[in-house]
Amino acid sequence: MRKELSDGELAVQIGLGSDAEAEGELYRRMAPRIRLYGLRHLRDEQAAEDLTQQVLMKTLEALRAGRLQTPEKLASFVLGTCRISVLDLRRNTQRRERLLEKFGADLTAPAQAWLPPLDHDQLARCVQSLRERERSVVVMTFYDEQTGADVASFLGISEANVRVIRHRAIQQLRDCMGVAG
Amino acid sequence: MNCSEPFGAAVLGDYWLGVLGGGEEEVLEEHLFGCDECGARLREMIALADGVRNLAKEGCLRMVVSEAFLRRVEEEGLRVRQYTLPAGGEAQCTVTADDDLLIARLAADMSGARRVDLSIRDGDGVERLRLPDIPVRAGASSVVYQESMTFAKAAPDNEMIMRLMALDEAGERLLGEYVFHHTRSLPGPGGW
Ligand SMILES: [Zn+2]
C-alpha cells in the first residue's frame, strides 16, 4: 500500500487519468465530511446522501478535467461545491416533505448507522439527573431546533443565558455518558 | 490524527442548532473539511441531540415544559393526555396505550415566589420525589408538569399527591395541592 496522499497529491493523481485507487481514496476521505455537512443543512439523511453523491461526482469531473487550479485546496473546493449543491437539494427536500404530507408514510427514513450508538436508558438517566432548568432547556431545544427565544421567554432569562445553560447541560450529559472532551 | 485546535462540544452543539454566527460557522466548516477528529465529535453531538429528541417524543422524562412545547408536540401528531387542576383540586386519571405524553397542568398563585419546588407524594403523603427550583415563567398562573410515560403506564391503581411549594428565607409555603386518583386501564398486573 502506498503512503497516505495529501489532498493536493490526491487531486493531482486523479487529474493524471483514471486512477481507481485515488478516486476511491477521495470518496473515503470526503464522503463522511459531505454527509455531515448535508445533515446539518438539509436535516434529512436521504438528502445528505444525495448531496454526497452529487458533490463527489462534480468533484471527480472537475479533477479529471483538470479544472482545479490549486490542487492543495481540494477540501475548500469540495466545501464550496457543497454550498452550491445544497441549495438545489433543499428544494428537493421540500418536495419530498410535501409528498410525505400528501401520502402520510415516511418512505425515506434511512438507517442512522453512521452516527455513533448511544445507550438509550443511560441517556434517559443522565437527562433526568440534570437540574430542572437544564433539563427543560436541553429537551425543549433539541426537540425542535428553533426554540431559543421561546425557551428564553419560558425561563424568563435572556437567550445568552439559555445558551450558557445549554452549554453546561451538554457538557454534563457528555460527562455522564462517559464521552471525553 | 491530532487536531491542534479542537472545537468543543458547546460550539459543535451551537453549529448543529444553527445558532453560530455566519463567520464562526464558515470557519468551523472549513475546519471540518480537514479534520475528521472534530467531525467525529460533531457526530457524537448529533447522536446526543437525536437521543434527547427521541426521549422527548417517548414522553419518558419527568419535567416541567412550556405551553409552546406542548403545542409543537401536538402539531407533530403526538397524543397528549392532559389534566388541568386548580389549587386544591382532584382528578380521576388514567393513561392508555395510545397516549404519548401525560401532562398535569397545576394552577397556583405563584406571584412573589423566588423558588418553586414540585413535591410528588404517595397516597399517604410521603414525599417520593422532589423537583427543586422548577422553571416558572414570570406571571405564570400554572405549572405544566410532564409525568414519565414509562412510569405511568406501569403504575397500578393508586393515589398521587402533588404539591407546589414556594421557598424563601422564611421557609416553605404551600402554593397548591393536587390529588390524582389513578386507575390503570392497561392490561397486566402493574407495579411500581
Ligand atoms: Zn479539529
Side-chain angles (χ1 to χ4, degrees), chain A residues 7 29-30 32-34 36-37 39-41 43 74-76 78-79 82-83 112 114-120 123-124 127-128 130-133 135-148 150-151 153-157 159 163-164 166-168 170-171 173-174 177 179-181, chain B residues 6 8-19 26 29-30 32-36 39-58 60-69 72-73 75-76 117-118 131-140 146 148 150:
Chain A
D7 279 2
R29 192 175 298 182
M30 293 299 170
R33 300 174 188 170
I34 304 169
L36 209 44
Y37 178 94
L39 196 59
R40 158 66 181 81
H41 290 274
R43 309 314 261 201
L74 174 63
S76 294
V78 175
L79 173 56
C82 282
R83 287 184 172 143
Q112 301 215 336
W114 62 283
L115 287 181
L118 203 69
D119 182 333
H120 170 280
L123 182 62
V127 173
Q128 199 63 61
L130 293 174
R131 269 177 276 181
E132 301 308 315
R133 271 154 225 277
R135 188 180 323 116
S136 295
V137 165
V138 158
V139 173
M140 297 198 303
T141 305
F142 285 131
Y143 177 72
D144 111 7
E145 291 133 2
Q146 324 159 356
T147 54
D150 197 61
V151 174
S153 92
F154 172 57
L155 296 178
I157 57 178
E159 282 192 58
R163 193 171 177 168
V164 170
R166 185 176 69 236
H167 289 175
R168 196 168 58 210
I170 287 173
Q171 196 52 54
L173 283 182
R174 288 173 59 86
M177 294 300 288
V179 190
Chain B
V11 177
L12 295 171
D14 285 354
Y15 173 62
W16 177 245
L17 291 168
V19 294
E26 272 184 30
E29 285 182 341
E30 290 278 352
L32 287 171
F33 268 82
C35 178
D36 293 327
R41 214 153 341 95
L42 175 57
R43 269 197 284 274
E44 280 169 12
M45 187 65 232
I46 299 173
L48 189 71
D50 254 26
V52 170
R53 188 177 148 74
N54 287 336
L55 290 175
K57 281 183 167 179
E58 290 163 19
C60 64
L61 299 166
R62 289 192 157 105
M63 58 184 293
V64 172
V65 298
S66 67
E67 296 283 358
F69 172 77
R72 281 194 303 277
V73 164
E75 279 162 18
E76 274 222 342
D117 285 10
L118 174 61
L131 274 59
D133 198 14
I134 56 173
V136 175
R137 182 188 215 129
Q146 172 184 300
S148 157
T150 319

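Residue numbering restarts at 1 for every chain, and letters A, B, ... go by the order of the sequence lines. Just the heavy atoms: all of them, side chains too, but no hydrogens, waters or symmetry mates, feed the values below.
With a threshold of 4.5 angstrom between heavy atoms, A/Leu74 does not approach chain B through any atom at all. Both the backbone and the side chain of A/Leu79 come within contact range of chain B, with heavy atoms under 4.5 Å apart. For B/Glu75, no part sits under 4.5 Å from any heavy atom of chain A, backbone or side chain. Heavy-atom distances place the side chain of B/Leu55, and not its backbone, under 4.5 Å from chain A. Within the 4.5 angstrom heavy-atom criterion, atoms from both the backbone and the side chain of A/Leu39 approach chain B. For A/Pro117, no part sits under 4.5 Å from any heavy atom of chain B, backbone or side chain. Residue B/Pro6: no heavy atom, backbone or side chain, is found under 4.5 Å from chain A. For B/Glu67, no part lies under 4.5 angstrom from a heavy atom of chain A. Heavy atoms of B/Ala138 lying under 4.5 Å from chain A are absent altogether. The contact between B/Val73 and chain A is made by backbone and side chain atoms together, counting heavy-atom distances below 4.5 Å.
Interface remark: of the candidates B/Pro132, B/Gly13, B/Gly8, B/Pro132 forms the most heavy-atom pairs closer than 4.5 Å to chain A. Counting heavy-atom pairs closer than 4.5 Å to chain B, the top-ranked of the candidates A/Met177, A/Arg166, A/Met30, A/Arg29 is A/Arg166. Taking chain B as the reference chain and counting heavy-atom pairs below 4.5 Å, the highest number among A/Asp7, A/Val139, A/Leu118, A/Val138 is found for A/Val139. Ranking A/Arg163, A/Glu159, A/Arg131 against chain B, the residue ahead of the rest is A/Arg163, based on heavy-atom pairs under 4.5 Å. Considering only heavy-atom pairs separated by less than 4.5 Å from chain A, the leading option among B/Val11, B/Leu32, B/Val65 is B/Val65.
A/Arg168 places none of its side-chain heavy atoms less than 4.5 Å from the side chain of A/Arg133. When side chains are defined from C-beta on, A/Val78 does not count as touching A/Arg33, because their heavy atoms never get closer than 4.5 Å. Annotation: side chain of A/Asp119 is not in contact with side chain of A/Leu123 (no heavy-atom distance under 4.5 Å). Proximity of A/Pro32 to B/Asp36: side-chain heavy atoms (C-beta onward) are nowhere separated by under 4.5 Å. Residues A/Asp150 and B/Arg72 form a side-chain contact, since some pair of their non-hydrogen atoms from C-beta on lies under 4.5 Å apart. You'll find the side chain of B/Ile46 stays beyond 4.5 Å of the side chain of A/Arg40, heavy atoms only. Taking 4.5 Å as the limit, some side-chain heavy atom of B/Arg53 sits within range of a side-chain heavy atom of B/Lys57.
For the ring pair (Phe, Tyr, Trp, His ring centres under 6.0 Å) test with B/Phe69, the passing option among A/Phe142, A/Tyr143, A/Phe154 is A/Tyr143; the others fail.
For B/Glu29 and A/Arg83, the salt-bridge test passes: some basic side-chain N is under 4.0 Å from an acidic carboxylate O.
Of all non-hydrogen atoms in A/Leu155 and A/Val137, the two that sit nearest each other are CD1-CG2, 3.3 Å.
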